[in-house]
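Report on one structure; see the data block that follows.
Hydrogens, waters and symmetry mates play no part in the numbers below; they use all other heavy atoms, side chains included. Whatever order the structure lists ligands and atoms in, that order sets their numbers, starting from 1. Nothing here was measured: the structure is a model prediction, and the numbers come from that model.
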Amino acid sequence: MENFLLQSVFLSVDPYMRPYSRKMMKEGDVMIGSQVARVTESKNPEFPVGGYCVSNAGWTTHFISDGKGLHALPSTWPESLPKSLALGAAGMPGLTAYFGLLEICSPKEGDVVLVNCAAGAVGSVVGQIAKIKGCKVVGSAGSDEKVAYLKEIGFDEAFNYKTVNSLEEALKAASPEGYDCYFENVGGKFADAALQQMRDFGRIAVCGAISMYNDAVPPSGPYIQPTILFKQLRMEGFIVRRWQDRYEEGGKQLLQWILEGKLKYHEHITNGFENMPAGFMGMLKGDNIGKAIIKV
Ligand SMILES: NC(=O)C1=CN([C@@H]2O[C@H](COP(=O)(O)OP(=O)(O)OC[C@H]3O[C@@H](n4cnc5c(N)ncnc54)[C@H](OP(=O)(O)O)[C@@H]3O)[C@@H](O)[C@H]2O)C=CC1
Ligand SMILES: CCCCCCC/C=C/C=O
């Protein structure tokens, strides 16, 4: 296949970069990551100049590709939508929400769904899909501004996990009847409290554990087996790539919901490639509502 040149237009900063870079990278490697890039020089008819692609080329402004592992944005990409959405609500985070919630939590109409990191890229989509499916949705996030945003996009209940006196009381107040589905993004103390509020036969999708990505020593306890046993819970971890062969289906559905106004999105844009590290650290500290994006 003929090589061609691309220029990054939008780059993504994501929580997975923290644990994956700790495990897989050494000093001098190009930082891992994905981008929406524009083809700037090409004799490859499949990737003509001016076309846009989603790529995993890492933190780089320009790169050469032979097309492997690259996905061209469809020529039918709606004019009304920013191409950065291919890194957010209509891209990997949106697909994570879509498949993780629907395939692992199997939400039914009337179920109560809990999601943390709820104002972020994945969590905000989880909550809105759960509403589309007729569930009651409870979200937690780290600021009052984020809590207001969650109410704006249709969450039934939301609370600021940083300012409540007790996570247990906040979870009980938001849903005295407990939770049927728990979309887990945080781990640690939040997970300990949430597990106790699950209803019998509840389903837990373990998507992330962001509060633990910096842990140097694995924490010990609390031990969850008795709770899982007596409540007869089902708990399953997943990596979104599991559904790679269904990305087209998921992507189309997400785009359709966005166009219909059923799925709202928000982006936290940091300008300038040189600000990638600051944008990344800001996202980990909670600066973002919706998807954290770097615009070159
Ligand atoms: N399994 C999979 O295939 C995938 C998993 N993920 C996981 O999904 C989760 C959300 O990712 P994504 O939506 O991209 O990121 P977000 O857009 O939600 O951004 C990260 C958010 O994490 C919150 N946060 C940071 N530190 C803590 C902490 N100690 N306790 C609680 N919240 C914290 C902050 O929000 P706040 O202000 O609310 O604290 C911050 O805004 C992550 O755990 C990520 O690893 C993402 C993609 C794929
Ligand atoms: C370049 C896309 C990589 C997607 C894999 C994301 C897996 C995330 C795990 C935890 O955040």
field: Proximity winner for atom 3 (C) of ligand 2, if only heavy atoms of Q35, M17, R241, R18 are counted
entry: R241
task: Name the orientation class of the two ring planes belonging to Y98 and W257 (parallel below 30°, tilted from 30 to 60°, perpendicular beyond 60°).
output: tilted
task: Around atom 1 (C) of ligand 2, find the nearest protein heavy atom and jot down its residue, atom name and distance.
output: N56 OD1, 3.1 Å
query: Run the side-chain hydrogen bond (donor to acceptor under 3.5 Å, both in side chains) check on Q196 and T227 step by step: do they pass?
result: CA-CA 7 Å; Q196 300 309 320; T227 308; 3.3 Å; yes
- request: Decide whether a cation-pi geometry holds between K83 and Y52; the criteria are a distance under 6.0 Å from NZ or CZ to the six-membered ring centre and an angle within 45° of the ring axis.
  value: yes
- request: Evaluate the side-chain hydrogen bond (donor to acceptor under 3.5 Å, both in side chains) criterion for residues S175 and E177: first the C-alpha distance (whole Å), next the side-chain angles of each, then the deciding distance (0.1 Å), finally the verdict.
  value: CA-CA 5 Å; S175 178; E177 67 274 35; 3.3 Å; yes
query: Looking only at protein heavy atoms, which one is nearest to atom 9 (C) of ligand 2, and how far off is it?
result: Y16 CB, 3.8 Å
message: Below 30° counts as parallel, above 60° as perpendicular, anything between as tilted: where do the rings of F99 and W243 land?
response: parallel
- request: Do me a favour and list the nearest non-hydrogen protein atom to atom 7 (C) of ligand 2 with residue, atom name and distance?
  value: Y20 OH, 3.6 Å
message: Applying side chain to side chain donor-acceptor pair (under 3.5 Å), can you list everything that pairs with E267, at least two apart in sequence or on another chain?
response: S84
field: Pair K68 + D66, salt bridge at N-O below 4.0 Å
entry: yes
- request: Report yes if the side chains of Y161 and L167 come closer than 4.5 Å at any heavy-atom pair, otherwise no.
  value: yes
- request: Return the protein residues near ligand 1 (heavy atom under 4.0 Å from any of its atoms), ordered by chain and residue number.
  value: P15, M92, T96, C117, G120, A121, V122, A141, G142, K146, Y161, N185, V186, C207, G208, A209, I210, S211, Y213, F238, I239, V240, M283, L284, G286, N288, G290
